[in-house]
Structure formats: C-alpha cells, structure tokens
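A short worksheet on the structure shown next.
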Amino acid sequence: MYQPSNKAQAIIEAIDGFIRDEILPLERRDGLSWGEPHPRPLLREVWKRSCELGFYNIMLPETLGGAGLSSADLCAVKEATVLTGSMLAPHVLGELSGPPRIGHLFKVASAYQIESFLQPVCRAEQTVCFALTEAEAGSDASAIQTQARREGDHYVLSGGKRYISGAPYADIAVLLAVTGPGRGAQGISAFFVDLKAPGVRVETDYAVMSGGGSHGDIFLDEVRVPVENRIGDEGAGFKLAMGRITLNRLLHCPTLLGMAGLALNLTVDHARTRKQFGQPIAMFQAVNHMIADMATELYAARSMMFATAQSNDAGGDIKVQAPMCKLFASETAFRIADKAVQIHGGAGLIKGHPVEWIFRATRMMRILTGTSEIQRNTIAKSVLMPS
C-alpha cells in the first residue's frame, strides 16, 4: 500500500493535531450534529484559522501558496483528514468553498480576476461555488439553458442553477451560461458572478440526503455581469469546466474512502464493546464476517486509488482508470456504510449518528460528481472503442 511522502506525512500529522486540539472542541462548543447545518460564523472561523495554519491552500501547487503535493499524496492527505472523524473536516481543506474549487483557474484567469476573485478565496476572505447543474442539465452538462447575452461592456444573465454545493455560504459563483445559442458545448462561457448582485437569488429551503445547509439553488433575473468577469474566451466555458474532470474523478475517491474507513473504524469499536448474549457482538460470525468484507473491499478500493494516482504522477493516461476509481470507490463506500449501519443496529438508524450520516452521504455520492452510470459509459466506450 502507498506510503505518503515525508512532506505529506508531516501535513497529515499537523492536520490531525489541529482537528484534535481546535476543531473537535469547536464542534462540542457549538453543539454540532452530523448532517445538520453549521453556522456560517463558525465556518468562517474554521476557514480563517485553517488558512492561517497553511492547511486551507494545501491542495494548490507551490507556486500558488500550496504544498505542491503529488496526486497520490493529495489522496493520502484528503483521506486522512476525513478519517479524523470531524464533521468540519472538508472545511479544513477548503473543499466545499475554497481554493480546491478554483486552483485550476489561475492558468486562464486575467490579472484582474486573480486579484478580485481568486486571491480573496485563497485568503479565506471570500467563498466560491461552482454552478453548472440545472433542471435539464445534469449528466448532460452541455444542455445548459441559462442565457448570457452581450450588451456593451456587460453580459446580462438569466436562468437558474440547482443543487449547487456550497451555494448557501458562497460569495461568488463560477457559473456557466450560454453565450452562443445553437452551438452546443462551443456556445457555453464561464463567468465569475457576485451572488450579492442585483437580480441574484439563492434559495436554500431544502436538504439533500447528506443534510441541510450546504446546497442551494441560484436564480438569475437579468443580472448584469461585467465582460471582464468572463473566464477565458467566449465559448470556452464548457471545455474549461471539463478540463479537470479526469483528475477530479480520482480526487473524489479519498473523500469517499475516508468516510468508508471511518465507518469501518466506528464499527470495529462498536462490535468490540457492544454485548449481546453475554459477549461482544464481534464474537459472532455473522458480524465478524461483515467486518472482514468491509476491510477487504476498502483495501481493494484504496489500492486501486493509489495505483491510479501514482500512474498519473508518473505521466500516465488515467482517462479510463479515473472513472473506474470513482465508480468502484463510490459503490464500495456505500456497501461498507450499509454494513456499518447493519452492525450498529438501532443506534445506526438514529439521525445524528456518524454511521447514519455516512450511509446517506455515500449513497448521495453515487449520483453527484458524475453518476455511476456516467462512469460506466465512459469506461465502456474506452474498452469497446479504444483510441
């Protein structure tokens, strides 16, 4: 199994100490619960403190103030952060609203955009979300209907985005809209949109399976966006959005496997301490066989992930392996979470219990960031029609 570099191991230990000494006490202080909305002032406190300590930007290249980690080391750091068992773990790395969402844009953003949007995000002064999904544009992302018409030195945007992660606490959105009707993917452009601008409305009156407070819908009614807020060339938005999809598919895996590993750890502890018929339930074959299956599947998925990450670091083409990893990791994580709930029995059914939340979150991840069926389509095409 992959062993993180000395740099990555030092980061993992530092994050573990930060979460143990500062974040977990914050969670207890504010009475946070799994799957419940977290107060924005608390999140801002976490973002700023994580930024001060150098964790918030870790996933960026060194030239942008990050740690410059390899893909394999990034997987190790992300997985270990989730394994701490903190509800706020993703916020420590800025994954829901920070630098990991915009790091790749430094290559195409103008000097004005870097100064006005990207750097404030990296300094934890502003938060960002990525707004692509619409009512009729999910797996078929090129079916975007939100319109952006040019009027002098502005674009006027109208339309709606739905199920946008991070929208409830985002200050700005990287938003895709149609600038060239009838041109398909070549007619889509990307913009930085101020979510507090006139005509913008963010609705958060629903909760996804993983809980409330982190997803919302964005509505735009004749919103005027300066031309200088367009990211890259007109019509290059879809290509820009899809440009990092292969690596992103891989980098979703450590989060999933971190949740699966946490479920396994919690289950082992429960099986050792929960007694029935005069002995720990870990002594029953029906239980310990489920735990054996959980550990075996987790080992297989982690091996697959790290092998693919190392291949990417060596310059290999992972356009087939990355969707394989996303498919296998998401399906495996859910199976592990399902067994964790089963072994916890009634306790695993209670809202607010970590394994109950992991069950819901891993089920959701088989749909988000590319459904399992989309991954299978990509894999099958590569196998049946290799280039």
Side-chain angles (χ1 to χ4, degrees), residues 2 4-19 23 43 46-84 86 88-109 114 117-130 165-166 169-170 172 174 214 240-241 243-259 302 305-306 308-313 318 322 325-326 329 365 368-370:
Y2 178 76
S5 67
N6 291 337
K7 178 195 284 188
Q9 189 57 49
I11 290 171
I12 289 169
E13 291 173 3
I15 290 176
D16 186 68
F18 171 53
I19 290 177
I23 300 300
L43 294 180
V46 172
W47 298 329
K48 293 294 288 186
R49 181 60 177 152
S50 180
C51 191
E52 289 170 5
L53 295 175
F55 303 137
Y56 199 62
N57 291 280
I58 271 175
M59 295 179 64
L60 296 180
E62 281 185 300
T63 54
L64 300 178
L69 298 176
S70 66
S71 300
D73 275 349
L74 281 174
C75 288
V77 169
K78 290 185 66 175
E79 182 186 37
T81 303
V82 177
L83 276 168
T84 62
S86 167
L88 297 174
H91 293 283
V92 171
L93 298 179
E95 288 216 82
L96 300 181
S97 57
R101 298 226 155 192
I102 47 87
H104 64 294
L105 296 180
F106 277 90
K107 296 179 180 178
V108 296
I114 291 173
F117 303 113
L118 301 187
Q119 292 292 3
V121 169
C122 291
R123 293 193 297 264
E125 295 168 357
Q126 289 192 318
T127 48
V128 64
C129 64
F130 178 67
S165 59
Y169 38 74
I172 57 176
V174 175
S214 59
L240 183 69
R244 290 188 80 246
I245 193 169
T246 295
L247 183 59
N248 283 344
R249 282 170 171 167
L250 174 63
L251 292 179
H252 273 102
C253 297
T255 299
L256 285 160
L257 299 183
M259 289 192 286
R302 295 184 73 241
M305 174 184 72
F306 282 118
T308 301
Q310 288 178 287
S311 176
N312 182 69
D313 292 332
I318 62 168
C325 286
K326 169 60 169 63
M365 290 302 292
L368 297 187
T369 66

I'd like to check Leu60 versus Cys122 (side-chain heavy atoms, cut-off strictly below 4.5 Å). Are they in contact?
yes
Would you say the side chain of Asp16 lies within less than 4.5 Å of the side chain of Leu83, judging by non-hydrogen atoms?
no
What heavy-atom pair brings Pro254 and Cys75 nearest, and what distance separates the two atoms?
CB-O, 3.2 Å
Any donor-acceptor pair under 3.5 Å from Ser50 side chain to Val92 backbone:
yes
Considering non-hydrogen atoms only, spot the tightest contact between Val128 and Gly98 and give its length.
CG1-O, 4.0 Å
Shortest non-hydrogen contact from Ser86 to Ile23?
OG-CG2, 3.4 Å
Going from SG on Cys325 to NE2 on His252, what distance comes out if it is rounded to the nearest 0.5 angstrom?
13.5 Å
Distance from Arg101 atom CZ to Leu118 atom CG, nearest 0.5 Å?
14.5 Å
With side-chain contact (heavy atoms from CB on, under 4.5 Å) as the criterion, how do Thr255 and Glu95 come out once you've worked through the C-alpha distance, each side chain's angles and the decisive distance to 0.1 Å?
CA-CA 10 Å; Thr255 299; Glu95 288 216 82; 3.6 Å; yes
In terms of the angle between their ring planes, are Phe18 and Phe55 parallel, tilted or perpendicular, with boundaries placed at 30° and 60°?
tilted
Are Val174 and Ile102 packed together at the side-chain level, in the sense that at least one heavy-atom pair is separated by less than 4.5 angstrom?
yes
Compare all side-chain heavy atoms of Leu88 with those of Leu43 and state whether any distance is below 4.5 angstrom.
yes
Interatomic distance, Glu52 atom CD to Lys48 atom NZ [nearest 0.5 angstrom]:
7.0 Å
Could you tell me the separation between the CG atom of Leu240 and the NE2 atom of His104, rounded to the nearest 0.5 Å?
5.0 Å
Smallest heavy-atom separation, Leu247 atom then Ser71 atom, equals CD1-OG, 3.9 Å
Trp47 side chain near Arg123 side chain, heavy-atom distance below 4.5 Å
no
Over all heavy atoms of both residues, which pair between Gln310 and Tyr2 is shortest? Give the atoms and the distance, please.
NE2-CD1, 3.4 Å
When rounded to the nearest 0.5 angstrom, what distance separates CG in Leu250 from CG in Asn312?
6.5 Å
Would you say the side-chain atoms of Lys7 pair up with the backbone N or O of Leu69, donor to acceptor, closer than 3.5 Å?
no
Please find the pair of heavy atoms, one from Lys326 and one from Leu368, that lie closest to each other, and give the distance.
NZ-O, 3.4 Å
Between Tyr169 and Ser214, is there a side-chain heavy-atom distance shorter than 4.5 Å?
yes
Keeping Lys78 on the side-chain end and Leu251 on the backbone end, is there a donor-acceptor pair under 3.5 Å?
yes
Please examine the side chains of Asp313 and Asp73, heavy atoms only from C-beta on, and report whether any two atoms are closer than 4.5 Å.
no
Could you check if a side-chain atom of Pro4 sits within less than 4.5 angstrom of a side-chain atom of Ile12, using non-hydrogen atoms only?
yes
